[in-house]
Amino acid sequence: MQLAVTTWNINSVRLRFPIVRDLIEQERPDVLCLQETKTPDDKFPAAEFRALGYLYQAIIGNKGYNGVAILSRLPFSDAQAMPMCGKPDARHMSVTLAGEARKAAGITIHNFYVPAGGDEPDPSVNDKFAHKLAFLAEMDAWARAFQPTGQQAILVGDLNIAPYETDVWSHKQLLDVVSHTPIETQTLERLRADHGWVDAIRQLMPEPERVYTWWSYRAADWEAADKGRRLDHVWLSPSLAGALHSADIHKHARGWERPSDHAPITVRLAL
DNA sequence: ATGGTTGTCATACAA
């Protein structure tokens with residue numbers, strides 16, 4: 001069987017439900033992971049997703065900020081939201097696909113939304129950057145306990161860090177810009193590699209190809225300027241890396257009407 | 001060096 005997982009920072013799921021539906025119709029993912037839903041749970045468009053076949057839903061949101069969701073056509077168990085950094089922020093959700101999901105059964109999917117970190121890359125003067133570094137430290141401690149090497153697992157999300165030189169439009173000009181500073185890129189790379197995670201996008205689009213998943217709203221013409229960054233990621237546990245079939249960044253969705261500033265990504269596994 | 005845009009909620013703040 002094939003398992004298709006899509007991840008997308010949607011920047012308000014209520015405002016952008018129409019384009020989420022368009023993407024679902026194009027890609028038909030089995031599992032859709034959203035970040036920045038910006039919607040309290042009682043206002044989440046659950047019935048609308050059920051009508052599209054996503055009967056299994058794990059959602060957690062805050063009013064106006066943050067929020068993550070896992071929407072699935074395949075049944076899952078063990079939906080868990082990890083509280084991160086002792087804050088009420090809804091920045092993580094995980095599920096484990098259940099027995100009825102056949103060959104996908106037992107695969108755990110973790111959906112993270114790492115704090116953006118504010119403007120000043122100095123934790124002593126910028127609480128938001130300190131929060132981002134603390135969040136990464138908690139992710140590292142979690143991964144140490146979780147041990148991806150012994151699991152069938154997929155980690156997706158908006159990690160708000162572009163780790164490699166070719167993950168940004170200008171490595172030199174972004175070295176002191178939050179999302180590409182050495183402390184962030186080195187911490188993320190250690191977090192990935194030390195625990196055995198495989199970067200699915202870079203498996204199929206290796207450096208030095210430039211790969212972006214985010215383009216600022218502030219550019220007059222985002223596509224012409226093309227000042228992108230690869231902030232969104234899909235990581236596989238080693239046991240799933242051999243099943244990787246494709247990874248697509250749906251850049252065209254960045255050009256849709258009223259777009260998110262992030263493009264969605266779909267990874268397909270042949271199980 | 002500066003400002004550029006968007007969404008939510010209430011006209012400030014986070015991204």
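Every chain is numbered from 1 and lettered A, B, ... according to where its sequence line falls, protein lines coming before strand lines. Heavy atoms only: backbone and side chains are in, while hydrogens, waters and symmetry mates are out.
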Can you work out whether A:Glu36 or A:Ala219 has the more 5'-proximal nearest nucleotide on DNA chain B?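 Comparing both residues, the 5'-ward one is A:Ala219.
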Map A:Tyr217 and A:Ala116 onto DNA chain B by nearest heavy atom, then report which one ends up closer to the 5' terminus.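 Whichever sits nearer the 5' end wins; that is A:Tyr217.
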What is the distance, to the nearest angstrom, from the [atom1] atom on [X] to the [atom2] atom on [N]?
| X | N | atom1 | atom2 | value |
| --- | --- | --- | --- | --- |
| A:Lys38 | B:dT8 | NZ | C1' | 6 Å |
| A:Glu223 | B:dT5 | CD | P | 19 Å |
| A:Asp261 | B:dT6 | CG | P | 10 Å |
| A:Asp119 | B:dG4 | CG | P | 14 Å |
| A:Asn62 | B:dA14 | CG | P | 13 Å |
| A:Asn126 | B:dA15 | CG | C1' | 13 Å |
| A:Arg229 | B:dA15 | CZ | P | 14 Å |
| A:Phe129 | B:dA15 | CZ | P | 14 Å |

For [N] and [M], measure between their [atom1] atoms and round to the nearest Å.
| N | M | atom1 | value |
| --- | --- | --- | --- |
| B:dA14 | B:dA10 | P | 14 Å |
| B:dA15 | B:dT2 | P | 23 Å |
| B:dA12 | B:dA1 | P | 29 Å |
| B:dG7 | B:dT11 | C1' | 13 Å |

Taking only the side-chain nitrogens and oxygens of [X], find out if one of them lies under 4.0 Å from OP1 or OP2 of [N].
| X | N | answer |
| --- | --- | --- |
| A:Ser12 | B:dT8 | yes |
| A:Lys63 | B:dC9 | no |
| A:Arg258 | B:dG7 | yes |
| A:Arg14 | B:dG7 | no |
| A:Arg91 | B:dA15 | yes |

Side chain of [X] only, please: which of [options] is the nearest?
| X | options | value |
| --- | --- | --- |
| A:Lys128 | B:dG7, B:dT5, B:dA14 | B:dA14 |
| A:Tyr113 | B:dT6, B:dT8, B:dA15 | B:dA15 |
| A:Arg16 | B:dA15, B:dT8, B:dT6 | B:dT6 |

Does a side chain donor of either A:Thr6 or A:Thr266 reach within less than 3.5 Å of an acceptor in the other side chain?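 Their side chains do contain a donor-acceptor pair, which is all the 3.5 Å distance test asks for.
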Do we see a donor-acceptor contact under 3.5 Å between the side chains of A:Asp30 and A:Tyr54?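 A:Asp30 vs A:Tyr54: no donor-acceptor pair found between side chains.
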By side-chain contact (heavy atoms from CB on, under 4.5 Å), which residues pair with A:Ala134, not counting sequence neighbours?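 So A:Ala134 forms a side-chain contact (heavy atoms from CB on, under 4.5 Å) with A:Cys85.
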Would you please indicate if the ring centroids of A:His110 and A:Phe146 are separated by under 6.0 Å?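 They qualify: ring centres under 6.0 Å apart.
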Would the A:Trp142 and A:Phe135 ring centres measure less than 6.0 Å apart?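 Between A:Trp142 and A:Phe135, the centre distance exceeds or equals 6.0 Å.
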So that I can tick it off, tell me whether A:Arg91 and A:Asp89 are bridged by a salt bridge, with the cut-off set at under 4.0 angstrom between side-chain N and carboxylate O.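 So A:Asp89 pairs with A:Arg91 through a salt bridge.
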